[in-house]
Structures are given as C-alpha cells and as structure tokens.
Amino acid sequence: AAETAWLGPAVAELLQAKMQLFGGARVLERTRVRVLVREAKIDPAAAGDNSAALAAVIPAEVLIAGSVSVDPKEERRIRVQARAFETETAKIISEATFSDTADLAGLLQIAEQLARTLADGLRLAYTQEQLAYAEPAKIDTLKFLVAGEGHLASGRHREAIASFQKALDGNEGRYYA
C-alpha cells in the first residue's frame, strides 16, 4: 500500500493542472485547501458532510473530492472516483468513475476523462488542446512532484526543493512540474 500511496495525490495533481486551463474556473491549490481545512479543524474525511463548515473557510463555490483504489486482483489497475459538489449545500453537481492502468499513460487517460466529465457537469468551456496540455514527460516526474508537495506540507523545505528539482530535471523541458 505504501508503494501506491502516491497515486491519489498524482491523479489530483494531474486533474488540477487540466482544470486550471479551462475557461470559467479559478482553481484553488489543493495544498491551500488542505491548510484551510486543517486550520479550521475540519475532519477531511467528513468534509463533504459538513458543508456549512467548508463554506465558511474555503473561498470556493464548488469543491472536487475523490478517491483512488488499487484493484486487489490486478495491482496495475486503479479505479478513480471523483465528484464536484457545492460547498454551501453539499449538492453533487457532477461525478465520475474511471479505471485504467497505474502507469503514466493510464493516469493521463484517467485525468483527461475526469477533467472532461467534471467540466461538462460544471458547464466549463474547454478545448481538446487544453485537455492534452500540462502532462508530465515521465511517471518519475509525477512521483517526485507528489513527494515534494508532501515534504512541503510537512515543513521539510530542503527535501521539498530536492524533490521538485528532481521532477524538473526529469521532465525533458516540457511544461509540467
């Protein structure tokens, strides 16, 4: 399980990168949302059940939450569920579930399908070029990025910088990271 713990943050990072490119949406960084939830002492697991508390601390009309699970029969496959809900009412606006392999191609496919489905539900404008943009060159780039964010959130700044640098070094000059 520890070797697959990076998958959830990786899918979230890919989805966030794609959603930031869509018209009509301003995306709040995941790390900022985590800080706001932690400072307000809201249980992240029960956040969807406490919409009034979320609306009071998060400056957003809509939140996207989800989960990633590894197929117990085939560890190379993952299943991702995501839903967009209104912060004030907890009303689900859009939801999606996709499965694919846990390699870079599979993760990119899941992120694109999630972005398309959630954007359609939120009535956000996007183009095919926007869906294909903001992709890491290698799976290790994504792992280093997720590790860097974990270090940063834990206050381990030197480790965060080292992980982010490894992500940049391995990304072959492409946009993402």
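If you're wondering where the values come from, they're calculated on a predicted model, not measured in any experiment.
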Would you check if [X] and [Y] make a side-chain contact, meaning some heavy-atom pair closer than 4.5 Å?
X	Y	answer
Pro59	Leu36	yes
Leu145	Phe164	yes
Leu7	Val80	no
Ile93	Glu61	no
Lys143	Val146	no

Calculate, to the nearest 0.5 Å, the distance between atoms [atom1] and [atom2] belonging to [X] and [Y] respectively.
X	Y	atom1	atom2	answer
Glu95	Leu114	CD	CG	12.0 Å
His151	Arg158	NE2	CZ	13.5 Å
Ile78	Asp100	CD1	CG	7.5 Å
Gln113	Leu108	CD	CG	11.0 Å
Trp6	Glu13	CH2	CD	12.5 Å
Ser99	Gln81	OG	CD	8.5 Å

Discussion item. Give me the atom names and distance for the closest heavy-atom approach of Thr87 to Ala60.
Written reply: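 Where Thr87 meets Ala60 most closely, the heavy atoms are OG1-O, 2.7 Å.
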
Worksheet item: Taking Ser94 as the fixed residue, which of Leu124, Leu118, Ile64 is the one that meets the side chain to side chain contact (heavy atoms under 4.5 Å, CB included) rule?
Response: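 Of the listed options, the one satisfying the test is Leu118.
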
Worksheet, complete the sentence: Given the options Glu74, Gln109, Arg77, Thr101 meets side chain to side chain contact (heavy atoms under 4.5 Å, CB included) only with Arg77

Item to complete: Give a yes or no on this: more than 12 heavy atoms of other residues, nucleotides or ligands lie within 6.0 Å of atom CZ of Arg79.
Response: no

